[in-house]
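Here's the structure, in structure tokens; my notes come after.
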Protein chains: 2
Amino acid sequence: MHNCIVHYVREVTRNSKAQNAVAANPKAAQDETAQDAPRVSDRQILQRQVCFALYSASRAATAVYRPMLQELGLTYPQYLVLLLLWERDGASVRELGEELALDSGTLSPLLKRLEAAGLVRRQRSVDDERRMQVHLTDDGDALRERAAAVPQQLAEAAGLESGELDQLRGTLSRLTAALHVAAL
Amino acid sequence: MHNCIVHYVREVTRNSKAQNAVAANPKAAQDETAQDAPRVSDRQILQRQVCFALYSASRAATAVYRPMLQELGLTYPQYLVLLLLWERDGASVRELGEELALDSGTLSPLLKRLEAAGLVRRQRSVDDERRMQVHLTDDGDALRERAAAVPQQLAEAAGLESGELDQLRGTLSRLTAALHVAAL
DNA sequence: TAGAGTTTCATTGTGCGCAACTATTCTGCA
DNA sequence: TGCAGAATAGTTGCGCACAATGAAACTCTA
């Protein structure tokens with residue numbers, strides 16, 4: 001009949017089955033029309049903003065990556081870190097952070113998780129003990145091949161011409177650089 | 001001499017000032033060269049990926065927004081929700097989620113925070129008690145004017161031609177749509 | 001009209017992103 | 001040489017994203 005563990009209960013419970021057919025809010029009807037086809041005007045509110053277009057596209061892209069990365073036991077930021085390490089084994093936290101624009105507040109726990117997963121080894125640099133160097137383990141290195149197919153699939157899912165993709169990447173690079181400057 | 005609360009201590013402490021000049025890891029030397037000037041090839045690893053370009057640009061854009069929104073006491077997703085409510089007061093959680101591609105796991109606590117800040121009121125729909133409708137308070141409505149200047153500033157910081165921005169937005173829209181389809 | 005299935009929203013848990021802060025090590029200069 | 005300040009990582013805390021799950025309300029059909 002009822003479980004012992006109750007996770008939540010509705011704050012407001014039914015006000016007598018809504019037999020007051022007043023339709024207190026005229027928007028209710030109009031909302032129905034928006035059910036399957038969200039009105040163009042509403043989308044446009046957001047689509048007018050470049051920032052939302054970026055936010056939205058970025059999440060959609062990582063969502064396409066997610067199932068592939070999940071098979072490798074990785075999240076997208078973890079995958080980015082490995083991409084760097086595959087080319088520059090032994091990079092420090094600062095170097096990784098510079099490439100990814102992430103600080104130690106994000107990277108430190110992320111690297112600990114990669115270490116716990118057996119993909120990297122962290123060790124203090126011998127000649128500068130402030131530096132924490134990140135080295136691939138054999139498992140981490142082996143993952144490289146399995147991950148090789150990942151970026152390909154996004155390009156296919158993108159539904160854009162190859163030239164269009166190149167142009168997009170170029171525009172985004174310049175945009176990102178300009179924004180980093182603007183953020184002082 | 002010492003505080004009572006110790007937040008953390010280095011896992012590995014100095015190995016006797018590195019007097020063991022063995023250089024246990026031959027890679028240490030090679031790392032030095034990468035110290036100050038991240039090699040071009042490394043940047044290219046990431047820049048080859050559209051997904052990283054999106055991820056990067058998106059974070060840079062919200063970073064430019066952040067100080068402006070901070071003055072309004074808002075985060076970027078909260079600002080997006082208000083953008084919608086300013087045009088469609090009384091929208092339900094599902095409707096907001098559809099526009100923003102966010103689920104209730106994200107929106108429910110976000111809306112509670114907006115409510116706690118006195119910007120919105122949440123109330124169950126009378127004619128369908130599953131629906132939770134979100135209404136602006138006077139404060140929430142008043143914020144609209146103060147927020148009007150926000151998007152303008154990003155366009156300036158972007159450092160792109162107006163036409164280029166339009167094209168970018170268009171490309172991103174098509175990309176996002178295609179990716180949503182690809183994600184099944 | 002009963003009840004199976006759907007819709008809507010909430011909660012829990014995990015991991016990222018970022019600000020604020022702390023600890024440790026190194027550097028440069030007086 | 002010693003010490004002030006910089007550089008490097010780590011921690012804490014908060015707010016998103018998102019998966020998995022649960023509860024309540026509604027719908028549709030036999």
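Reminder, nothing fancy here: chain letters follow the sequence lines and each chain counts from 1.
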Any side-chain donor paired with an acceptor under 3.5 Å for S125(B) and D127(B)? yes
Looking at dC18(D), I'd like to know if its phosphate oxygens (OP1 or OP2) sit under 4.0 Å from a side-chain N or O belonging to R59(A). yes
Taking L136(A)'s backbone N and O only, do any of them form a donor-acceptor pair with D89(A)'s side chain (distance below 3.5 Å, no angle check)? yes
Between S92(B) and dT8(C), does any side-chain N or O lie under 4.0 Å from OP1 or OP2? no
Measuring to OP1 and OP2 of dG17(C), would you say a side-chain N or O of Y76(B) lies under 4.0 angstrom away? no
dT14(C) C1' sits how many Å from K112(A) NZ, rounded? 17 Å
So, is Y55(B) close to the dG17(C) phosphate, meaning a side-chain N or O under 4.0 Å from OP1 or OP2? yes
Below 3.5 Å, does any donor atom in the side chain of R130(B) face an acceptor in the base of dT7(C), or the other way round? yes
Let me know the distance between CZ of F52(B) and C1' of dG17(C), rounded to the nearest Å. 14 Å
Atom-to-atom span, CG of L114(A) to C1' of dT14(C) - whole angstrom: 15 Å
On the nucleotide dT25(C), are OP1 or OP2 found under 4.0 Å from the side-chain N or O atoms that R94(A) carries? no
How would you label the contact of L107(B) with the nucleic acid (heavy atoms, under 4.0 Å): base, sugar-phosphate, or nothing? nothing
Just checking T75(B): base, sugar-phosphate only, or nothing, at a heavy-atom cut-off of under 4.0 Å? sugar-phosphate
Between L102(A) (CG) and dA19(C) (C1'), how many Å, whole number? 14 Å
Check: Q167(A)/R169(A) side-chain N/O donor and acceptor closer than 3.5 Å: no
Give a yes/no on whether any side-chain N or O of S108(B) is located under 4.0 angstrom from OP1 or OP2 of dC9(C). no
How far apart are the closest heavy atoms of L72(B) and L143(B), and which atoms are they? O-CD2, 4.2 Å
Can you give the dot-bracket line for DNA chain C, where a pair is Watson-Crick or G-U wobble with both atom distances under 3.5 Å, crossing pairs use [ ], and | marks a partner on another strand? ||||||||||||||||||||||||||||||
L168(B) side chain reached by L172(A) side chain, heavy atoms, under 4.5 Å: yes
Would you kindly compare L111(B) and S104(A) by the position of their nearest DNA chain C nucleotide and give the one closer to the 5′ end? L111(B)
Go nucleotide by nucleotide along DNA chain D from the 5' end; which of P109(A) and A60(A) gets its closest nucleotide reached first? P109(A)
Between P on dT7(C) and CZ on R124(B), what's the gap in Å once rounded to a whole number? 17 Å
Give a yes or no on this: more than 12 heavy atoms of other residues, nucleotides or ligands lie within 6.0 Å of atom CD of E71(B). no
Answer with base, sugar-phosphate or nothing: what part of the nucleic acid does L110(B) contact at a heavy-atom distance below 4.0 Å? sugar-phosphate
Could you tell me the separation between the CD atom of Q78(B) and the P atom of dC14(D), rounded to a whole number of Å? 15 Å
Starting at atom OH of Y65(A), determine the distance to atom C1' of dA17(D), rounded to an integer number of angstrom. 19 Å
Separation of L74(B) atom CG from dC16(D) atom C1', in whole Å? 14 Å
Classify the side-chain pair Q49(B)/Y65(A) by whether it contains a donor and acceptor separated by less than 3.5 Å. yes
Any donor-acceptor N/O pair, Y76(B) side chain to F52(A) backbone, under 3.5 Å: yes
Whether R66(A) contacts dA19(D) is assessed here as follows: a side-chain N or O lying under 4.0 Å from the phosphate OP1 or OP2. Is that the case? yes
